[in-house]
4 protein chains.
Amino acid sequence: MSGPGPTPAREPALEVDLRSAVPPFEQIRAGVTALVQTGHLAPGAPLPSVRALAQDLGIAPGTVARAYRQLEAAGVVRTLRGRGTRVADSPPAPAADEVRAALAQAVRAAVAAGWDTDRIHSAVRDELDARRPD
Amino acid sequence: MSGPGPTPAREPALEVDLRSAVPPFEQIRAGVTALVQTGHLAPGAPLPSVRALAQDLGIAPGTVARAYRQLEAAGVVRTLRGRGTRVADSPPAPAADEVRAALAQAVRAAVAAGWDTDRIHSAVRDELDARRPD
Amino acid sequence: MSGPGPTPAREPALEVDLRSAVPPFEQIRAGVTALVQTGHLAPGAPLPSVRALAQDLGIAPGTVARAYRQLEAAGVVRTLRGRGTRVADSPPAPAADEVRAALAQAVRAAVAAGWDTDRIHSAVRDELDARRPD
Amino acid sequence: MSGPGPTPAREPALEVDLRSAVPPFEQIRAGVTALVQTGHLAPGAPLPSVRALAQDLGIAPGTVARAYRQLEAAGVVRTLRGRGTRVADSPPAPAADEVRAALAQAVRAAVAAGWDTDRIHSAVRDELDARRPD
DNA sequence: GTGGTCTAGACCACT
DNA sequence: GTGGTCTAGACCACC
């Protein structure tokens, strides 16, 4: 659907690892935030209902509700009583600090893995190609 | 934006946010792993003693001990009885998958924040410059 | 602090915050009660129809109906079949206890905010001026 | 303990009305905030443990925990894992807006109850006397 | 001992 | 149908 780029199909599915040290509600919160900031969830798009997502992920509804509550507080999502939850009209963009931190971390990992400068830049270019060409 | 330098002083200190949803022992584990993979902690380098680090971070020694135990299990550090804990001789490098994932996430955030291609590559170059030449 | 006027225009409009922990029907009930006790809604004055108010506030008619039902039960309004809902002829006045409690709470907040005696009395005077002279 | 003022003993106890439209966790949050801003709970003072307060109020521990979590987020309280919850060192003071709103509401109620100007000012003075003379 | 989180299911408020 | 809240008790992380 996008290009012949090296980063193939990318399914915007939410997953929860119950064995992780990060609590499930936090994984959901972070996951939805990522999907929104990625554009995989467009402004105004409806989120799965609390109960549906809970069933999907195999966790308790209250846990999903909690994540949704925090997303609402963060302005990522807008919830209308009885009418479900949707992505906010103007979800907050990540701050420059966060972006730099993410890049720093990624570059760190790449260098540690022995990647050279060219390979890193090339990988970044691939990521951009996989996202931008539309 | 402020100074001319790409990325100024970077102190490889460990920090723990007691209010985070991520438990302290996990923050320590992840933090040390990052310092090792970054090269800020070289193979063979001694880690602070359990008690010293605990005092430093203002947390209980048991919590640090737990983090060290997991690092040992992951092969990142090596604990020698009576001689403290040191970075392993050949600490595990991040897998290519992890690196790509980290880059993908960082690029995602950057694009979401409205950064253009040039700015992203430039930021990556800055990160590399700040790390390699020393 | 900004202008010379004590407390400028005050529009007796009802508002509902859908994100509050207080359910909408309760906000309407409390709001109408306040308007009545303030005198902004005189005895005998007609209230908006259930449907009109619902549309106005962007909520479901059933929710407004529920609030009106409770106001009726409290003796604040009187619903006449086919002739709509009106403010009761002798709506219940707040008890002295309630008044003292409200004042105590307000004074508490003011003191906690660092207001001195003069500022508090002055603010009270302003409130009285804004209400009485019309 | 204080003075011969007209506002006698005031017991800083927390209460929860399970039949209110305001959810219990919100009542606790608001109640603790009030006690802190009043000075009935001094900076650094320990709050009852989650379980103790829950038992005291006859509600579930999770509900108290939720209230404490929100108080922490609001900066009213500081919670140290495993070491209980305490009033923050510099709890946030109420904003001028909130104070004016509280005063307006109190004055409204007083006027509605038929109190004249003198009686209102006198009541305010009483409240101040009961609080300040120490 | 402390607070934090999760569950499973209940009831409420709302559309 | 939707989300919001509460419960009772479990386990985890921490001191």
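Hydrogens, waters and symmetry mates are skipped; everything else that's a heavy atom, side chains included, is used. Each chain gets a letter, A, B and so on, in the order its sequence line appears, and its residues count up from 1.
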Note to self: Can you build the contact string for nucleotides 5-11 of chain E? Use B for base contact, S for sugar-phosphate-only contact, and - for no protein heavy atom under 4.0 Å.
What the structure shows: SSS----
Notebook entry, point to check: Would you write out the dot-bracket form of DNA chain E, 5' to 3', with Watson-Crick and G-U pairs under 3.5 Å, [ ] for crossing pairs, | for pairs to other strands and . for unpaired bases?
Noted result: ||||||||||||||.
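Ion pairing of Arg29(B) with Glu26(B) is present here, as a side-chain N (NZ or NE/NH1/NH2) and a carboxylate O approach within less than 4.0 Å.
For the pair Leu71(D) CG and dG4(E) P, the interatomic distance rounds to 11 Å; values are reported in whole Å. Computed from coordinates, the Leu57(B) CG to dC14(F) C1' distance equals 14 Å when rounded to whole Å. The nearest whole Å value for the distance from the CD1 atom in Ile28(D) to the C1' atom in dG3(E) is 15 Å. In this structure, Gln27(C) atom CD and dC14(E) atom C1' are separated by 13 Å, rounded to whole Å.
Once rounded to the nearest 0.5 Å, the distance linking CZ of Phe25(D) with CD of Gln27(D) reads 10.0 Å. The OG1 atom of Thr33(C) sits 9.5 Å away from atom CD of Gln70(C), with the distance rounded to the nearest 0.5 Å.
For Glu72(C) (side chain) and Thr79(C) (main-chain N/O), a donor-acceptor pair under 3.5 Å exists by modelled atom type.
In this structure, the side chains of Pro43(A) and Pro91(A) come closer than 4.5 Å at one or more pairs of heavy atoms. For the pair Gln105(C)/Gln37(D), no side-chain contact is recorded, criterion being any heavy-atom separation below 4.5 Å from C-beta on. Using a 4.5 Å heavy-atom threshold, the side chains of Ile59(B) and Ile28(B) count as touching. Two residues are said to be in side-chain contact when any heavy atoms from C-beta on lie closer than 4.5 Å; Leu80(D) and Arg78(D) meet this criterion.
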Next item on the list: Using the side chain to side chain contact (heavy atoms under 4.5 Å, CB included) rule, take Leu53(D) and Leu47(D) through it: C-alpha gap first, then chi angles, then the decisive distance, then the call.
Entry: CA-CA 9 Å; Leu53(D) 185 53; Leu47(D) 267 63; over 6 Å; no
Notebook entry, point to check: Can you list the steps and then say if Leu57(B) with Thr63(B) is a side chain to side chain contact (heavy atoms under 4.5 Å, CB included)?
Noted result: CA-CA 10 Å; Leu57(B) 301 175; Thr63(B) 306; over 6 Å; no
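Within residues 76-87 of chain D, the residues that place at least one heavy atom under 4.0 Å from DNA chain F are, in residue-number order, Arg81(D), Gly82(D), Arg83(D).
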